[in-house]
Asks: 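The structure that follows is given in the form of structure tokens.
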2 protein chains.
Amino acid sequence: MQSALTLVGDGNNFNSISLREVAKNAGVVPTSFYRHFRDMEELGLHLLDELGLMLRKLLRKTRLRDDYIETLTRESVRVYAGFVMEHRNYFYFMNQSRTGGTPALREAVRTELRYFSNELATDIRRLPIFAQMNTDDLGIITELIVETVFASTIDLLDQTKTDEKTTSDYVDNTVKKLRIIWLGAGEWQS
Amino acid sequence: MQSALTLVGDGNNFNSISLREVAKNAGVVPTSFYRHFRDMEELGLHLLDELGLMLRKLLRKTRLRDDYIETLTRESVRVYAGFVMEHRNYFYFMNQSRTGGTPALREAVRTELRYFSNELATDIRRLPIFAQMNTDDLGIITELIVETVFASTIDLLDQTKTDEKTTSDYVDNTVKKLRIIWLGAGEWQS
DNA sequence: CTTCTCAGTCAACACTTGTACACTATTGTT
DNA sequence: AACAATAGTGTACAAGTGTTGACTGAGAAG
């Protein structure tokens with residue numbers, strides 16, 4: 001799995017990485033691959049599981065505390081951006097899989113995103129603005145938030161420079177977008 | 001180009017389609033490929049150009065007329081959704097390329113999206129709410145809108161059923177999201 | 001009528017691909 | 001000490017890969 005991930009990080013598309021390349025990069029003979037996975041798709045699904053696990057752990061650790069919504073948003077995005085930069089290869093892979101993976105992989109990514117949307121929904125339910133909002137509407141808002149954060153991830157990854165400034169530019173930009181959504185959500189029921 | 005496109009439509013990832021497959025599918029010998037393109041990347045760039053052209057034509061035809069913003073949004077999304085369904089293969093390809101293509105392809109998609117963001121900006125400048133908004137802020141809003149519409153395109157494509165209802169569900173969902181953004185944008189300057 | 005350009009063909013190359021089969025080394029459990 | 005499970009090795013094969021070079025036919029341009 002680590003081998004496949006580094007190959008993706010080197011600029012290869014997961015779809016066009018061969019079982020043999022993975023084996024070679026792992027310092028192992030091709031036939032050994034079958035001791036671990038039936039094929040590349042299975043390996044991909046395991047990678048996605050692993051990332052999902054890490055993300056959930058992160059989510060639990062940075063659970064939304066009662067706080068001023070502006071700093072709360074900013075802090076969340078900052079944490080997310082840091083996590084992405086620490087696991088670039090995973091996110092390249094996840095982005096590729098969302099649109100270009102096999103049906104099973106695409107579905108797995110979708111499920112992951114849906115999970116975050118739901119978590120977010122139960123979290124922001126506590127905020128006074130959303131206390132008595134229709135569940136469907138709340139779902140749309142959280143979907144929009146998750147999509148917004150996730151959509152620009154690829155742009156963050158593609159920045160050639162990986163210095164502090166690039167990351168904070170991404171954070172600023174994303175926070176502004178989220179602020180618009182918050183404002184819109186606040187006006188929603190009116 | 002048509003050959004490559006149908007292969008993508010059949011569920012293949014553009015990245016892992018071989019030059020030979022394209023030639024075969026086009027009913028031509030592999031070496032003939034070189035009469036048209038240097039390699040698959042060049043073919044991909046041409047495909048993106050073609051799609052860009054079609055989209056611009058569509059944009060010009062459905063130029064925003066002075067109208068009630070709600071019906072205007074709805075109408076725009078409906079037209080877009082129809083266009084996507086009429087050119088499914090192109091959009092599969094574009095989505096794959098955005099995150100999984102070669103650097104040149106990714107950049108080309110980014111440029112395309114930026115173009116739409118800019119077009120949208122000059123269009124909605126006319127609306128009273130945005131008349132005197134900071135250009136940077138307006139850019140962020142249009143970026144958010146374009147991302148929102150584009151992000152959910154893959155979900156529209158992945159619907160197994162392609163009936164009227166599926167499409168109109170997508171339209172409803174997207175319009176709601178855009179409505180939130182409009183509301184938020186209206187509150188922005190305050 | 002000749003000439004040139006374009007899109008096509010054929011054969012060949014060196015290399016990579018997924019997978020099958022039989023075998024070996026390592027390791028944890030009884 | 002013996003055993004079973006796990007992860008590794010080597011060889012082999014048929015199929016597919018990008019790209020080469022030299023050749024052919026159709027039609028446009030002169």
Side-chain angles (χ1 to χ4, degrees), chain A residues 1-51 53 89-90 92-94 96-97 99-109, chain B residues 1-51 53 89-90 92-94 96-97 99-109:
Chain A
M1 287 165 73
Q2 188 53 52
S3 162
L5 223 40
T6 55
L7 286 170
V8 168
D10 289 348
N12 301 288
N13 186 313
F14 183 81
N15 268 272
S16 50
I17 295 175
S18 68
L19 174 160
R20 284 180 109 105
E21 281 179 284
V22 173
K24 188 187 212 173
N25 192 239
V28 133
V29 102
T31 41
S32 265
F33 182 95
Y34 296 106
R35 300 287 173 205
H36 305 268
F37 311 101
R38 194 193 315 279
D39 51 27
M40 284 296 287
E41 178 178 81
E42 198 176 289
L43 190 156
L45 288 171
H46 279 254
L47 276 177
L48 238 38
D49 281 352
E50 206 170 72
L51 177 58
L53 219 72
N89 299 354
Y90 276 98
Y92 268 120
F93 166 64
M94 187 181 180
Q96 287 175 5
S97 298
T99 53
T102 60
L105 277 170
R106 285 214 293 273
E107 186 51 35
V109 176
Chain B
M1 287 165 72
Q2 188 53 53
S3 162
L5 223 39
T6 54
L7 285 170
V8 168
D10 289 348
N12 301 289
N13 186 313
F14 183 80
N15 267 269
S16 49
I17 296 175
S18 68
L19 175 161
R20 285 180 110 106
E21 279 180 285
V22 173
K24 188 187 212 174
N25 192 240
V28 131
V29 101
T31 41
S32 267
F33 183 95
Y34 297 105
R35 300 288 173 204
H36 305 268
F37 310 101
R38 194 192 315 277
D39 51 27
M40 284 296 288
E41 179 177 81
E42 197 176 290
L43 189 157
L45 288 171
H46 280 254
L47 276 177
L48 238 38
D49 281 352
E50 206 170 72
L51 177 57
L53 219 74
N89 298 355
Y90 276 98
Y92 268 121
F93 166 65
M94 188 180 179
Q96 286 175 6
S97 299
T99 53
T102 60
L105 277 170
R106 284 215 294 274
E107 185 52 34
V109 175

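Lettering follows sequence order; numbering is per chain, from 1.
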Asks: Can you build the contact string for nucleotides 11-22 of chain C? Use B for base contact, S for sugar-phosphate-only contact, and - for no protein heavy atom under 4.0 Å.
Replies: B-----BBBBB-
Asks: Within the distance-only criterion (no hydrogens, no angle test), does the side chain of B/D39 pair as donor or acceptor with the backbone N or O of B/E42 below 3.5 angstrom?
Replies: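 Side chain of B/D39 to backbone of B/E42: a pair is present.
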Asks: What are the two closest non-hydrogen atoms of A/F14 and A/A4, and how far apart are they?
Replies: CE1-CB, 4.5 Å
Asks: Starting at CG of B/N15 and ending at P of D/dG18, how long is that distance when rounded to a whole Å?
Replies: 13 Å
Asks: Roughly how many Å is it from CZ in B/F37 to P in C/dG8, rounded to a whole number?
Replies: 11 Å
Asks: Partners of A/D10 by side-chain hydrogen bond (donor to acceptor under 3.5 Å, both in side chains), sequence neighbours excluded?
Replies: none
Asks: Going by the side-chain hydrogen bond (donor to acceptor under 3.5 Å, both in side chains) test, which pairs reach into residues 26-36 of chain A, not counting sequence neighbours?
Replies: none
Asks: Given B/Y90 and B/L47, is the side chain to side chain contact (heavy atoms under 4.5 Å, CB included) satisfied, shown in steps?
Replies: CA-CA 8 Å; B/Y90 276 98; B/L47 276 177; 4.1 Å; yes
Asks: Would one find a side-chain N or O of B/H36 under 4.0 angstrom from OP1 or OP2 of C/dG8?
Replies: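 Indeed, a polar side-chain atom of B/H36 lies that close.
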